[in-house]
Amino acid sequence: MKAYLLTLVLFSFCSSLRNEANPVAAPESWQAEVLRLVNQARVSGCSCGGKRMSPAPVLRFSDDLTRIAKGHADYLRKRGYITHRGRGGTRVGQRASRAGYRWRAIGENIASGYTTPRAVVESWLESPGHCRNIMDASYTQMGVARSGNIYVQVLAKPM
């Protein structure tokens with residue numbers, strides 16, 4: 001009985017270590033490309049609507065933010081148009097809080113009609129508001145999802 005309990009305790013301990021060591025799943029290749037392109041812009045700095053933005057630290061990929069983005073992308077696809085308002089008029093911060101994500105700062109970029117990660121990131125960087133979201137140094141994490149040709153990017157700084 002002691003051996004069984006010891007085995008159970010060790011298994012639980014090792015399982016929790018494995019989860020802490022790798023809490024985020026690897027992004028799909030297109031998501032990794034969006035993250036790479038966004039981080040490339042952040043470390044270089046860029047111009048957003050004629051305003052020079054200083055370089056910002058790289059973002060980390062977040063499964064939680066990706067799930068939030070996916071929910072909104074699916075909602076938009078069903079509705080047939082893009083808007084930052086979600087079901088019941090919710091904004092990204094409300095959707096994130098309802099999903100259990102605790103945040104200090106949060107933003108969202110959406111786009112429709114693009115077929116490649118490069119095209120969607122370039123479109124965001126050409127739009128002053130979307131570009132400022134990407135370059136906001138307060139954000140430390142990013143999630144991105146698509147549904148059909150609708151892309152949703154959620155950027156945040158967790159609590």
Side-chain angles (χ1 to χ4, degrees), residues 17 19-77 79 81-159:
L17 284 179
N19 291 337
E20 288 176 13
N22 189 14
V24 177
E28 293 182 24
S29 62
W30 73 268
Q31 292 168 315
E33 181 66 0
V34 169
L35 181 64
R36 186 188 73 76
L37 293 166
V38 164
N39 280 332
Q40 184 177 49
R42 284 175 66 92
V43 300
S44 301
C46 67
S47 179
C48 296
K51 182 181 179 200
R52 181 73 188 151
M53 303 297 288
S54 298
V58 298
L59 298 169
R60 291 183 328 272
F61 186 80
S62 166
D63 280 340
D64 291 334
L65 294 178
T66 295
R67 280 189 288 279
I68 294 161
K70 179 65 172 156
H72 193 53
D74 288 344
Y75 171 77
L76 296 177
R77 185 173 182 207
R79 299 288 299 207
Y81 62 90
I82 62 172
T83 175
H84 289 284
R85 295 284 185 159
R87 189 172 286 111
T90 58
R91 295 205 177 267
V92 65
Q94 294 167 302
R95 293 190 299 273
S97 295
R98 286 181 182 169
Y101 184 87
R102 297 184 63 218
W103 54 273
R104 292 176 194 246
I106 197 159
E108 177 182 68
N109 287 338
I110 57 178
S112 178
Y114 299 96
T115 58
T116 67
R118 179 169 297 281
V120 76
V121 172
E122 286 175 355
S123 77
W124 285 332
L125 291 172
E126 290 170 5
S127 164
H130 293 106
C131 182
R132 282 191 301 274
N133 270 349
I134 286 172
M135 295 305 298
D136 189 328
S138 67
Y139 298 140
T140 60
Q141 296 181 345
M142 182 196 93
V144 64
R146 67 181 178 201
S147 186
N149 69 352
I150 297 172
Y151 291 77
V152 176
Q153 176 189 45
V154 179
L155 306 121
K157 178 177 184 167
M159 291 279 217

Between [X] and [Y], is any pair of side-chain heavy atoms under 4.5 Å apart?
| X | Y | answer |
| --- | --- | --- |
| Gln153 | Asn133 | no |
| Leu155 | Leu59 | yes |
| Arg91 | Arg85 | yes |
| Pro158 | Thr140 | yes |
| Met142 | Leu35 | yes |

For [X] and [Y], indicate whether the former's side chain and the latter's backbone hold a donor-acceptor pair under 3.5 Å.
| X | Y | answer |
| --- | --- | --- |
| Tyr139 | Ile106 | yes |
| Lys70 | Arg146 | yes |
| Arg42 | Ile134 | yes |

Inset, instruction - I would like to know whether Asp74 and Arg77 meet salt bridge (charged side-chain N to carboxylate O under 4.0 Å, His left out); could you show each step before the answer? - result: CA-CA 5 Å; Asp74 288 344; Arg77 185 173 182 207; 6.0 Å; no
Shortest non-hydrogen contact from [X] to [Y]?
| X | Y | value |
| --- | --- | --- |
| Tyr101 | Ala156 | OH-CB, 3.6 Å |
| Ile150 | Ala73 | O-CB, 4.1 Å |
| Ala145 | Ala69 | CB-C, 3.7 Å |
| Gln31 | Thr66 | NE2-CG2, 3.5 Å |
| His130 | Trp124 | CB-O, 3.3 Å |
| Tyr151 | Thr116 | OH-N, 4.1 Å |

Inset, instruction - Can you sort out the partners of Arg95 under side-chain hydrogen bond (donor to acceptor under 3.5 Å, both in side chains), two or more places apart, ordered by chain and number? - result: Glu108
Inset, instruction - Answer yes or no: are there more than 12 heavy-atom neighbours, outside Arg87 itself, under 6.0 Å from its atom CZ? - result: no
Legend entry - Over 12 non-hydrogen atoms of neighbours within 6.0 angstrom of CZ in Arg52: yes
Legend entry - SG-SG under 2.5 Å, Cys131 vs Cys48: yes
Rounded at 0.5 Å granularity, tell me how far [atom1] in [X] sits from [atom2] in [Y].
| X | Y | atom1 | atom2 | result |
| --- | --- | --- | --- | --- |
| Met53 | Ser44 | CE | OG | 13.5 Å |
| Ser47 | Met135 | OG | CE | 10.0 Å |
| Asn109 | Arg132 | CG | CZ | 11.0 Å |

Inset, instruction - Establish, from distance only, whether the side-chain atoms of Asp64 and Ser62 form a donor-acceptor pair under 3.5 Å. - result: no
